[in-house]
Trainee: 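My questions will all concern the structure given below.
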Amino acid sequence: MLKEETVRALEQTARQLRVEILKMLNTAKSGHTGGSLSAIDALTALYFHQMRHDPSNPKWEDRDRFVLSKGHAAPALYACLAEAGYFSRDDLKTLRRFGSHLQGHPDMNKTPGVEVCTGSLGQGLSQAVGLAIASKLAGRSARIYSLLGDGEVQEGQIWEATMAAAHFKLDNLCVILDHNGLQIDGEVEKVMNVGPLGPKFLSFNWHVLEVDGHDIQAICQALENADETEGRPTMIIARTVKGKGVPFFEHKASYHGVPPSDDELTRALEHLGHS
Amino acid sequence: MSEMIATRDAYGKALLELGQENPRVVALDADLSGSTKTGMFGKEFPERFFNAGIAEANMVGMAAGLAAGGMIPFASTFAVFAAGRAFEQIRQSLAYPKMNVKVVATHGGITVGEDGGSHQSIEDLAIMRALPNMTVLCPADGPETEAAVRAAAAYDGPVFIRLGRSKVPVVFTEGCDFAIGRGATLRQGTDMTFITTGLMTAQALEAAAILAEENISARVVHLGSIKPLDVDLVLQAARETGAIVTAEEHSVIGGLGGAVCEVICEGYPVPVERVGLRDVFGQSGLAEELLAHYGLTPAHLVEAAERVMRRK
C-alpha cells in the first residue's frame, strides 16, 4: 500500500498532466484526446512511481523500458516525459508541428525517452517481448512495461505476441490494457467483440489482474504484484473511461481523434481546477 | 563444372560462426529453421535462438525489440512470408526506426520449385527496395553469401538478404569480400553488359562465354547489393558498352531491372533489355524446368544480348 500522501501527490501529477495533454492537443489542433486521458493515470503510476529511469541519462542500460503500443496516446507519453525532465515542457507546444521532435506517433530517434517507434497498432507488444528477452539475455534486472488499447487487441499480432510472451516465460514483462471500451467507429464490443479479455489472457498462461484504471493506488499495487510474479508475464486490465477527467469528453468515441477547441479547453481546465 | 552450394547453407554456416564470435548475435525463425538453416545456430546456441512459431509478424516485432535491447538479431523465414506477410512489421518496426535487424529471407524466386507459385517470391526485392533506410542484398553464391551476412552483421541498420533454396554454381572464391553498395565486374567486355544478381550471375557468365564464340564481347557486372546500388559501375557499363541486359530471378517490375533502368534513364540512357518474370507468378516444377520456362537460362540471355545489340 502506498501512503495516502504519496497517492495524493500522484493524483495531483495526473491532474496536471491532463492539463498538459489538453493544452498541447488544443495548440496542435489535431491528435487523440480520449485515449490519452484514459491512459494517463496508468502512465503516471509508471513514470512517477514504478519505473526505474533516469531522465538525465535516457540511455542508462539498466533502466526499465516502456513501450506505448497504442501509439496514438503519444500526448500522454510526451506529457510524462516532459514532466519527468526528458525535455522542456515548452516543447509540448510543438506537438505534431513541422520540425518538432514530438511526432504524431512516438519516434525513438527523435524524442528522448521514447524506446521504440509505435503507432501502427498491434506492433508494440511484439517489441516489448523482444526487449524483455534482451533484458534477460543481457542479465539485466530491468523490467519492460507496455500499454495496449482495447481496440488494439483486435489485431492478430497482439495474440502472436501474447502467445510468445508466455512461451518464453517473460516475468519481466508487465502490460497494462487501457480498457476504455471505445474505438474510432464506436463501442469495441459492437465493432468487433474481442472480450472477455481476462479469460483470454489467462488461457494464454498470463498472470491477469483487473483494476480500476483511474485508481492510482490500485494500479500501483497491481504493478507491485506483477513485480513479484514469477514465470509468467502480467496483464493488468485497467478499466478506464475514454476522455476521463473532462465530463463532456467522457465515454465518447467521437473524441477519439479530435482535439479540444478553444472553448472546450477553457471549460475542461475549469473542471480540472486549473484556471 | 563448378562446385554447387545453396546460399541458404552458406547462411547457416556464416550465422553459426557469427554466433561463436559475438554473443550479441541472436537468431529468430518462424518454424522453418530446418529449411532456412538457422537451425544450425539454434542447435549450438539454444539460449540465443527464438522460434516464433508460425507467426512472422511477431517474429519481426520481437527482432525489433531485441535490437532495441542491444542484440544483433537475424530473423529468417521464406522470402514470400518475410516480404509479404511481415511487410508492415518490417516497415514500421525495422525500416522506419532504422532498427539493427537482419531479415534473411530464403527460398526467394522460382527455384523454390515443386512448392509452386504460392511459395515462390517474385516481388520481394521490389517491395523491400521501396522502403527508406532498407539495405537489400542478393548474393550470387555460397562464398558471397557468407561475406554478405558478415557485412550485414557489421552494418548498423536494417538489412534484407535474399537467398535461394537450390544449389547454385560457385562464382566467387571462399573468403571473398563484400561491401554494401558495391558491385563486381566478373568479366570484362566492350560490346554490351549483363547486369545481374543472385543466381542469374552464373547464367550470365555462361552466356558471355557463348557470345564470345560469336565474337561478341560481353561484360558481366554482378550487383549483390540491390540497394544501395553501385551507380558508378552501372553508368560506367552504359558509357563503355552502350547496351545493357539485366537479369534476375524476380519480376522485371521494380527489382534489379527497375533499379538499373532508373539509374540509366537519369544518368546515361542506352538500350536496356530486362530478363526476369514478365509480370507473372510461378508454378510447380523442377528448378531447371522453371528457369527454362520463364526465360532465365544462358540461351535466353544470349538472345537478349543480341536483341539489345540491334538497338544500339
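When reading the values below, keep in mind they use all heavy atoms of this one structure, side chains included, and skip hydrogens, waters and symmetry mates.
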Trainee: Do we see a donor-acceptor contact under 3.5 Å between the side chains of A/S120 and B/E88?
Mentor: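 Yes - a donor-acceptor pair under 3.5 Å links their side chains.
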Trainee: Please look at A/A138 and chain B and tell me whether the side chain, the backbone, both or neither of the residue comes under 4.5 angstrom of a heavy atom of that chain.
Mentor: both
Trainee: Tell me whether the count of non-hydrogen atoms from other residues, nucleotides or ligands lying under 6.0 Å of CD in A/E230 goes above 12.
Mentor: no
Trainee: Compare every heavy atom of B/N58 with every heavy atom of A/A164, then report the nearest pair and how far apart it is.
Mentor: CB-ND2, 3.4 Å
Trainee: Below 4.5 Å, heavy-atom pairs only: which of A/A134, A/G124, A/S135, A/G122 has the largest tally toward chain B?
Mentor: A/A134
Trainee: Using 0.5 Å steps for rounding, measure from the CE atom of B/M62 to the CG atom of A/L125.
Mentor: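 Interatomic distance, B/M62 CE to A/L125 CG, rounded to 0.5 Å: 10.5 Å.
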Trainee: Using a 4.5 Å heavy-atom cutoff, which residues in residues 152-166 of chain B come close to chain A?
Mentor: none
Trainee: Tell me whether the count of non-hydrogen atoms from other residues, nucleotides or ligands lying under 6.0 Å of CZ in B/R91 goes above 12.
Mentor: no
Trainee: For each of B/E56, B/R24, B/Q89, tally heavy-atom pairs with chain A at distances under 4.5 Å, and name the one with the top tally.
Mentor: B/Q89
Trainee: Would a 4.5 Å heavy-atom cut-off, applied to side chains only, mark B/P97 and A/N109 as touching?
Mentor: yes
Trainee: Counting heavy atoms not belonging to A/L202, are there more than 12 under 6.0 Å from its CG?
Mentor: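 Yes, the 6.0 Å shell around CG holds more than 12 heavy atoms from other groups.
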Trainee: Of the backbone (N, CA, C, O) and the side chain (C-beta and beyond), which part of B/V26 lies under 4.5 Å from a heavy atom of chain A, both, or neither?
Mentor: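 The side chain, not the backbone.
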Trainee: Which atom names give the shortest non-hydrogen contact between A/Q127 and B/S93, and what distance separates them?
Mentor: NE2-OG, 3.2 Å
Trainee: Which residues from residues 107-134 of chain B are near chain A, with near meaning under 4.5 Å between non-hydrogen atoms?
Mentor: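 Under the 4.5 Å heavy-atom cut-off, nothing qualifies.
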Trainee: Are there over 12 heavy-atom neighbours, none belonging to B/R85, within less than 6.0 Å of that residue's CZ?
Mentor: no
Trainee: Partners of A/A84 by side-chain contact (heavy atoms from CB on, under 4.5 Å), sequence neighbours excluded?
Mentor: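 A/A84 satisfies side-chain contact (heavy atoms from CB on, under 4.5 Å) with A/F48, A/H53, A/P55, A/Y86 once adjacent residues are dropped.
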Trainee: Just so I understand: if I count every heavy-atom pair under 4.5 Å between each of A/V129, A/L137, A/V116 and chain B, which residue has the most?
Mentor: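 If we count pairs closer than 4.5 Å to chain B, A/L137 comes out on top.
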Trainee: Quick one, A/E160 and B/M59 - any side-chain contact, counting heavy atoms below 4.5 Å?
Mentor: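 No, side chains not in contact.
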Trainee: Can you measure from OH (B/Y96) to NE2 (A/H105) and round to the nearest 0.5 angstrom?
Mentor: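 B/Y96 atom OH to A/H105 atom NE2 measures 9.5 Å (nearest 0.5 Å).
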Trainee: Please say whether more than 12 non-hydrogen atoms of neighbouring residues, nucleotides or ligands are located less than 6.0 Å from NZ in A/K169.
Mentor: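 Counting neighbours around NZ of A/K169, 12 or fewer heavy atoms of other residues, nucleotides or ligands fall under 6.0 Å, so no.
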Trainee: Which residues, numbered in order, of residues 35-53 of chain B come under 4.5 angstrom of chain A by heavy-atom distance?
Mentor: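 At a heavy-atom separation under 4.5 Å, chain A is reached by B/E47, B/R48, B/F50, B/N51.
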